[in-house]
There are 2 protein chains.
Amino acid sequence: MTKALSGRQAQAARNDEVILAAARAVFIADPGAPISAVAERAGVGISALYRRYASKEELLRRLCSDGLARYIEESEKTLADNREPWLAFGAFLHSLVDADTNSLTQRLAGTFTPTPDLWRDAARAAELNQAIYARTKEYLRPGIVVEDFGVILEQITSIKLGDEARTNQLRHRYLTLMLEAMHRPGERPGGGSELPGPPPSSDELTDRWRA
Amino acid sequence: MTKALSGRQAQAARNDEVILAAARAVFIADPGAPISAVAERAGVGISALYRRYASKEELLRRLCSDGLARYIEESEKTLADNREPWLAFGAFLHSLVDADTNSLTQRLAGTFTPTPDLWRDAARAAELNQAIYARTKEYLRPGIVVEDFGVILEQITSIKLGDEARTNQLRHRYLTLMLEAMHRPGERPGGGSELPGPPPSSDELTDRWRA
DNA sequence: GTTGGAACAGAACATTTCGTTCCGTTTGAG
DNA sequence: CTCAAACGGAACGAAATGTTCTGTTCCAAC
């Protein structure tokens, strides 16, 4: 289909990626989708899936792991970004919306049992997140905590309207709004009222990986 | 159990409300929940459900209808609110978060076929929504359209963390943030950057009632 | 006290969904 | 030509779930 890497092994190599891409698309659209939907979308039979992954769980773990890796990658890229911190922070969140890492990590959590590797990656991600928070803190509105990031991203990525492109567009729209709300207000008088209730805690967030 | 309205008919009358309350709680927590979960939560048998509703769909329609009614009620209350429009608007959205009307209307849509009555109520709700928008427009940040309300509420109510009380608390937290972002910025220099992409349209929203 | 029927609990049933296995076929390398 | 990797998709079995059905309870009218 794509190129002339002749041979059955070439097709297999191509299928590796085709299947992963299909799985990403399908499970992002519907985390509870059946595995047959992945095969259909990839244009392969079911056995092509089971040749690569021993079970549905294993496929989901792979997707989650890839998502986490992507998240970590974007985080490191952000920490290496020498532009103004607030600008870099905004670009960071927008890139996470584009990559839709939340749908691959948080939303898939609970549908499978995490491996130690996953826990390690998650810890690493939290670490980087904290570093970004520390660097951005002085620009953030007082009262915003690092745990807010995840919850806000989750809200944003809960939006689903129209096709994929339109959904993405709208997510950026509301992220833009949210980013302004997260920014430390200037000396304007009315801005920055007290946020009600305690902020989300780290424990509350990680608890969902067990449910 | 509760009071001394003796007789089997009294129990039946009480069950009417118990069942509805249970159904609300169950389907808000999980729109795809089995009907047996409702019976369990209500502490009744399954036949107590089927005595009142001919099918699961009918129960869902009832919940949706009640949710819409509640939405309309809050809208009218808001239009009759003589306080400063922005204050009334904020109270409006907060009350909708408390009532969780979105989970009963939007999120249940698509799981059943709407009746003409439902369409009428939905049209009425949209009308009132428009009236509230008109009254609040001058306080809103330019670029915000009436269709934003629904999408924003949907984001907010997508939050689910901890028990019901905690979830509600966090929803109000992020609604507070969002409300500030929706407010027309003062004369501050940096505020109010352009929102990317076209806003959600009315058609996009109603299309989901058919899917 | 008797009894008819409304109301109910929950087992039983039929259907659907879905993960997984299995069998027969294709295909390309040696 | 041959063999096995790779594959397509039907088949299978388990689980979930909407609905129906059976037997039981309990109030109210006579």
Side-chain angles (χ1 to χ4, degrees), chain A residues 1-64 107-108 110-113 211, chain B residues 1-64 108 110-113:
Chain A
M1 186 69 73
T2 53
K3 278 300 160 46
L5 260 181
S6 70
R8 199 91 192 225
Q9 300 175 357
Q11 178 189 5
R14 259 180 286 120
N15 276 355
D16 283 347
E17 293 189 16
V18 169
I19 286 175
L20 265 183
R24 247 193 310 272
V26 166
F27 288 124
I28 280 179
D30 174 14
I35 217 167
S36 61
V38 176
E40 205 167 340
R41 168 122 184 185
V44 302
I46 295 183
S47 57
L49 291 186
Y50 276 89
R51 164 151 297 273
R52 292 166 174 80
Y53 307 96
S55 66
K56 183 184 189 181
E57 259 207 35
E58 198 173 303
L59 173 56
L60 289 177
R61 272 196 291 264
R62 170 64 187 273
L63 289 178
C64 183
R107 287 190 73 172
L108 256 49
T111 66
F112 61 85
T113 60
Chain B
M1 185 71 73
T2 52
K3 277 302 160 45
L5 258 181
S6 71
R8 200 89 192 228
Q9 299 175 357
Q11 177 190 5
R14 259 179 284 121
N15 276 355
D16 283 347
E17 294 189 15
V18 169
I19 286 175
L20 265 182
R24 247 193 311 272
V26 166
F27 287 123
I28 280 179
D30 174 14
I35 217 166
S36 60
V38 176
E40 206 167 340
R41 168 122 183 185
V44 302
I46 293 183
S47 59
L49 290 186
Y50 276 89
R51 162 150 295 273
R52 292 165 174 79
Y53 306 96
S55 67
K56 184 184 188 180
E57 258 208 36
E58 199 173 302
L59 172 56
L60 289 177
R61 271 195 291 263
R62 170 65 187 272
L63 289 178
C64 183
L108 256 48
T111 66
F112 61 86
T113 60

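Below, chains carry the letters A, B, ... as their sequence lines are ordered, and counting in each starts from 1.
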Quiz prompt | Proximity to the side chain of A:P34 - top-ranked nucleotide from D:dC7, C:dC18, D:dG8 | solution = C:dC18
Quiz item: Taking only side-chain nitrogens and oxygens of B:R14, does any of them come within less than 4.0 Å of OP1 or OP2 of C:dC8?
Solution: no
Quiz item: Is the side chain of A:R107 donor-acceptor paired with the backbone N or O of A:D30 at a distance under 3.5 Å, no angle test?
Solution: no
Exercise. Mark yes when over 12 heavy atoms from residues, nucleotides or ligands other than A:E40 sit less than 6.0 Å from its CD; otherwise mark no.
Key: no
Quiz item: If you check the B:Y50 side chain, which of D:dT20, C:dT20, C:dC22 turns out closest?
Solution: D:dT20
Quiz item: Quick one: B:L59 CG to D:dT17 P, roughly how many Å, whole number?
Solution: 16 Å
Self-check item: Length of the CG-P vector between B:D30 and D:dT17, whole Å
Solution: 9 Å
Quiz item: Taking OH from B:Y53 and P from D:dT19, how many angstroms apart are they, rounded to a whole number?
Solution: 14 Å
Quiz prompt | Distance, rounded to the nearest Å, where A:E57 contributes CD and C:dC18 contributes C1' | solution = 15 Å
Quiz item: From D:dG9, C:dC8, C:dA11, pick the nucleotide closest to the side chain of B:A48?
Solution: C:dC8
Exercise. State the CZ-CG distance between A:R51 and A:L49, to the nearest 0.5 angstrom.
Key: 12.0 Å
Practice problem: Kindly give the heavy-atom pair with the smallest separation between A:Y53 and A:E58, and that separation in Å. | Solution: CA-OE2, 4.0 Å
Quiz prompt | Length of the line joining B:L49:CG and C:dA7:P, which is rounded to integer Å | solution = 15 Å
Quiz item: Of B:V44 and A:A54, whose closest DNA chain C nucleotide lies nearer the 5' terminus?
Solution: B:V44
Self-check item: Nucleotide C:dT20, atom P - distance to CZ of A:R52 in whole Å
Solution: 17 Å
Quiz item: Is A:N15 near enough to D:dA6 that one of its side-chain N or O atoms lies under 4.0 angstrom from OP1 or OP2?
Solution: no
Exercise. Ignoring the backbone of A:I35, work out which of C:dG19, C:dC22, C:dC8 is nearest its side chain.
Key: C:dG19
Quiz item: What are the two closest non-hydrogen atoms of A:L108 and A:F27, and how far apart are they?
Solution: CD1-O, 4.3 Å
Quiz item: Taking the side chain of B:I46 as its heavy atoms from C-beta onward, which of C:dC18, C:dC8, D:dT20 lies nearest to it?
Solution: D:dT20
Quiz item: What is the distance from NZ of A:K56 to P of C:dT20, rounded to the nearest Å?
Solution: 8 Å
Practice problem: Could you work out which one of C:dG19, D:dA6, C:dA7 sits closest to the side chain of B:R51? | Solution: C:dA7
